[in-house]
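Please read all numbers here as calculations on a predicted model, not as lab measurements.
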Amino acid sequence: MVEEAKLIGTLKEYFGYDSFRPQQREIIKAVFEGRDNLVIMPTGGGKSICFQLPAILLPGITIVISPLIALMKDQVDGLTANGISAAFLNSSQKEQEQQEIFRKIEKNEIKLLYVAPESLQYVDAVFSAGNISLIAIDEAHCISSWGHDFRPAYTQLGYLKNRHPETPVIALTATADKATRQDICDQLNIPHATHHLSSFDRKNLSLEVRPGTKKFEQILAFLKGRKSESGIIYCLSRKNTEELATKLQEKGYKAEAYHAGLSHNERIQIQEDFINDSNDIICATIAFGMGIDKSNVRWVIHYNMPKNLEGYYQEIGRAGRDGLPSSTLLFHSYADVVQLQKFAEGSGNAEIQLAKLERMKQYSEALSCRRRILLSYFGEIISEDCGNCDVCKNPPEFFDGTILAQKALSTVYRLKEQEPISMVIDVLRGAQNAQVLEKGYQGLSTYGIASDVSWRDWQQYIIQLINQGYLEIAFHDQNKIRLTSLAKNVLFEQEKVSLADVTQAELKKQPVVAEKTSENTLFERLRKLRLELSREEDIPAYLIFNDATLKEME
Ligand code: ADP
Ligand code: MG
């Protein structure tokens with residue numbers, strides 16, 4: 001176990017910082033305990049130090065798997081400048097260079113060794129030449145085809161833990177959805193890894209979504225009063241980036257296009273001009289951004305809709321790393337959705353990509369706090385609306401939707417969390433289609449309990465319940481709708497749910513049934529509730545659960 005003073009001293013000596021950011025200390029300590037670790041921390045949160053600092057203090061070498069060969073040299077140069085002995089191995093090097101590095105490895109003169117996933121063949125040689133203390137896998141989401149930046153070479157990495165089971169692994173990423181998290185650990189063979197989840201809430205970023213009509217005019221209006229601020233405009237196509245950059249230049253803005261079709265040197269030049277503030281605006285495809293550390297990006301615009309919320313979150317996350325207020329704007333258009341649907345359908349895992357796109361669309365069409373939606377997607381629940389998104393600033397009308405919520409959640413429960421939204425609605429509305437009847441759902445106690453609400457409205461309400469964190473979609477499991485832990489508060493604690501008014505006014509007037517009780521177990525609470533209500537028929541069907549099902553739920 002390392003002492004606190006040693007950690008702080010090393011932080012100060014090699015990185016020049018006085019204190020750890022949230023989570024860094026805890027993660028570093030877990031590394032020293034020899035455990036496997038999965039670190040989920042937003043972009044700019046400070047993941048690198050979580051393996052770089054242990055690397056300095058551990059007796060042997062830390063191998064770092066990192067996807068960007070282009071940035072490896074910069075990272076190594078940066079570490080060397082801080083007095084940390086670091087090197088990289090990849091296929092672009094001359095044999096002589098590599099031999100020199102291996103000599104250093106044998107003499108235990110290297111602390112951090114960066115290796116591209118394509119160059120894993122070197123790793124075994126490193127293991128036999130030197131003493132390996134830790135394997136760090138940066139941008140670990142690249143291993144998962146459920147993530148947003150899949151790299152085939154990453155799928156080889158599971159081999160490391162198989163071959164060297166005694167060496168601890170730390171996997172790091174900013175992508176946090178549960179399915180991807182699980183997939184990362186499965187594929188890396190680190191089933192017992194400790195998960196470290198940092199807050200993804202970036203309060204200084206304002207969130208705004210607008211219809212994608214007359215986008216260029218809207219951008220010009222947005223840029224008024226932001227003359228020399230740094231910003232990024234993300235586009236779907238290379239052609240878009242170039243056209244937009246040209247149009248902005250014509251209006252007197254310092255703007256450049258950036259995409260994977262440019263030469264390596266051109267790209268480096270554009271990045272540098274942006275980082276040095278000699279250029280203000282980058283019109284880019286998503287090729288731009290990973291590994292770029294610029295703190296004063298004041299705004300990010302999505303000219304087109306991103307294909308999922310992970311990508312969107314990561315891209316807006318490049319704004320405001322200095323903590324100062326920064327703006328984000330997303331243009332939402334049906335044409336983009338159609339285009340993205342085509343891409344998704346043509347991809348290897350169409351079902352998952354389509355479901356993720358659906359969530360992106362729901363976010364864009366949200367009627368409740370956007371930050372809540374975004375964070376709940378990453379499994380994080382905030383207690384209050386953010387006040388810093390367009391919906392909070394200009395909210396729709398809300399009504400007490402507790403009863404609607406109870407009916408929906410109760411139905412999801414009775415369907416054993418095994419059905420998608422459409423079936424939940426069919427049951428609520430008492431639909432008589434073949435599927436419902438075949439499965440015998442007309443026998444459920446909530447069957448037909450809310451036929452007064454139209455199909456379309458139900459869809460809206462259920463999306464709101466997902467967005468508020470009461471329900472979730474298992475998009476890696478046929479889009480089944482599941483209850484979250486918050487759902488129990490609504491079913492058993494009479495927690496109130498506000499829903500945005502989508503149409504029918506009479507729904508607002510329904511009374512709330514039971515009172516809140518302070519008993520500890522669900523079972524006790526429900527039993528008490530039944531005693532309080534004198535007649536059994538006073539209890540609405542959707543709140544009657546038998547004792548066995550309650551026990552099961554606890
Ligand atoms: P990530 O990999 O999570 O995107 P980085 O590791 O690149 O983030 O760190 C982002 C920035 O935060 C870097 O400039 C880094 O030097 C800085 N940083 C990291 N830890 C600290 C700390 N404890 N105090 C101050 N700055 C820090
Ligand atoms: Mg990083």
| query | What's the verdict on side chain to side chain contact (heavy atoms under 4.5 Å, CB included) for W299 and T328, showing C-alpha distance, side-chain angles and the deciding distance? | reply | CA-CA 5 Å; W299 52 265; T328 75; over 6 Å; no
| Has the side chain of Q464 got a donor or acceptor atom that lies under 3.5 Å from a matching backbone atom of A500? | yes
| message | Checking side chain to side chain contact (heavy atoms under 4.5 Å, CB included) between L172 and each of N37, L38, D138, I40, which is the one that passes? | response | D138
| task | May I ask you to decide if M41's main-chain N or O and K47's side chain share a donor-acceptor pair within less than 3.5 Å? | result | yes
| note | CG (L465) and CD (Q460) are apart, to the nearest 0.5 Å, by 11.0 Å
| query | Can you find a heavy atom in the side chain of Y312 that is under 4.5 Å from one in the side chain of L207? | reply | yes
| Derivation of the side-chain hydrogen bond (donor to acceptor under 3.5 Å, both in side chains) call for S199 and E380 | CA-CA 7 Å; S199 172; E380 192 175 334; 2.7 Å; yes
| query | Parallel, tilted or perpendicular for Y303 and F331, by the 30°/60° rule? | reply | perpendicular
| message | If I compare all heavy atoms of V453 with all of W458, which pair ends up nearest, and what's the gap? | response | CB-NE1, 3.4 Å
| request: Look only at the side chain of N304 and the backbone of L236, and say whether a donor-acceptor pair between them is shorter than 3.5 Å. | output: yes
| query | So which heavy atom on Q314 is nearest to which on A174, and how close? | reply | NE2-CB, 3.5 Å
| request: On the 0 to 90° scale, with breaks at 30° and 60°, tag the F378-Y313 ring pair as parallel, tilted or perpendicular. | output: perpendicular
| query | Can you tell me if W455 uses its side chain to pair, donor with acceptor, with the backbone of R429 under 3.5 Å? | reply | no
| Just by distance, with hydrogens left out, do D400 and T402 show a side-chain donor and acceptor under 3.5 Å apart? | yes
| Candidate pair T173 and I184, rule side chain to side chain contact (heavy atoms under 4.5 Å, CB included), full reasoning | CA-CA 10 Å; T173 175; I184 291 172; 3.9 Å; yes
| field | Sub-4.5 Å side-chain heavy-atom contact between E33 and P168 | value | no
| said: Ignoring hydrogens and geometry beyond distance, is a side-chain donor-acceptor pair present between R298 and S326 at under 3.5 Å? | reply: yes
| query | Do V39 and Q23 have side-chain heavy atoms sitting under 4.5 Å apart? | reply | no
| said: Keeping R371 on the side-chain end and L205 on the backbone end, is there a donor-acceptor pair under 3.5 Å? | reply: yes
| request: Report the distance from atom OG1 of T155 to atom CG of L188, rounding to the nearest 0.5 Å. | output: 10.5 Å
| task | Using the side-chain hydrogen bond (donor to acceptor under 3.5 Å, both in side chains) rule, take S295 and R321 through it: C-alpha gap first, then chi angles, then the decisive distance, then the call. | result | CA-CA 5 Å; S295 65; R321 287 204 193 183; over 6 Å; no
| said: Would you compute the distance between atom CD of E358 and atom CD1 of I466 and round it to the nearest 0.5 angstrom? | reply: 9.0 Å
| message | If you apply the rule side chain to side chain contact (heavy atoms under 4.5 Å, CB included), what do you find for L53 with F20, and how did you get there? | response | CA-CA 11 Å; L53 194 149; F20 285 108; 3.9 Å; yes
| request: May I ask you to decide if I170's main-chain N or O and R35's side chain share a donor-acceptor pair within less than 3.5 Å? | output: no
| Spacing of Y447 atom OH and Q432 atom CD [to the nearest 0.5 Å] | 4.5 Å
| remark: So CG of L340 and CG of L354: to nearest 0.5 Å the spacing works out to 10.0 Å
| remark: Per side chain to side chain contact (heavy atoms under 4.5 Å, CB included), L330 is matched among E315, M360, R210 by M360
| Least distance between heavy atoms, Q468 atom then L499 atom | NE2-CD2, 4.0 Å
| query | Do we see a donor-acceptor contact under 3.5 Å between the side chains of R414 and S445? | reply | yes
| request: Answer yes if the side chains of Y17 and Q24 hold a donor-acceptor pair under 3.5 Å, and no otherwise. | output: no
| Any R370 side-chain heavy atom under 4.5 Å of D390 side chain | yes
| Shortest non-hydrogen separation from A355 to N479 and the atoms involved | CB-OD1, 3.3 Å
| query | With a 4.5 Å limit on heavy-atom distance, are the side chains of T484 and L471 in contact? | reply | no
| Can you say whether the rings of Y234 and H302 are parallel (under 30°), tilted (30 to 60°) or perpendicular (over 60°)? | parallel
| query | Atom OG1 in T411, atom CG in D426: separation rounded to 0.5 Å? | reply | 11.5 Å
| said: Between K439 and E419, does any side-chain N to carboxylate O distance fall below 4.0 Å? | reply: yes
| query | Sub-3.5 Å donor-acceptor pair from the side chain of N308 to the main-chain atoms of G311, do we have one? | reply | yes
| message | Quick one: does any side-chain atom of S410 pair with a main-chain N or O of K407 as donor and acceptor, under 3.5 Å? | response | no
| Thinking salt bridges, do D385 and K393 make one under a 4.0 Å N-O criterion? | no
| Looking only at heavy atoms, what is the nearest atom pair of N467 and S368, with distance? | CB-OG, 4.2 Å
| said: Between P67 and Y154, is there a side-chain heavy-atom distance shorter than 4.5 Å? | reply: yes
| request: Please tell me if the side chains of V169 and I137 come closer than 4.5 Å, counting only heavy atoms from C-beta onward. | output: yes
| Pair R482-V412, side chain to side chain contact (heavy atoms under 4.5 Å, CB included): steps then yes or no | CA-CA 7 Å; R482 294 187 182 150; V412 172; 5.7 Å; no
| query | Do the side-chain N and O atoms of R359 and Q362 include a donor-acceptor pair separated by under 3.5 angstrom? | reply | yes
| Considering only heavy atoms from C-beta outward, does the side chain of V391 approach that of P396 to under 4.5 Å? | yes
| said: With no hydrogens and no angle check, just 3.5 Å: does a side-chain donor-acceptor pair link Y377 and E310? | reply: yes
| Is N204 reaching over with its side chain to a backbone N or O of G320, donor-acceptor style, under 3.5 angstrom? | yes
| remark: Tightest non-hydrogen contact, residues R21 and G46, listed as NH1-N, 3.8 Å
| message | Any side-chain to backbone donor/acceptor pair from T446 onto I449? Under 3.5 Å, distance only. | response | no
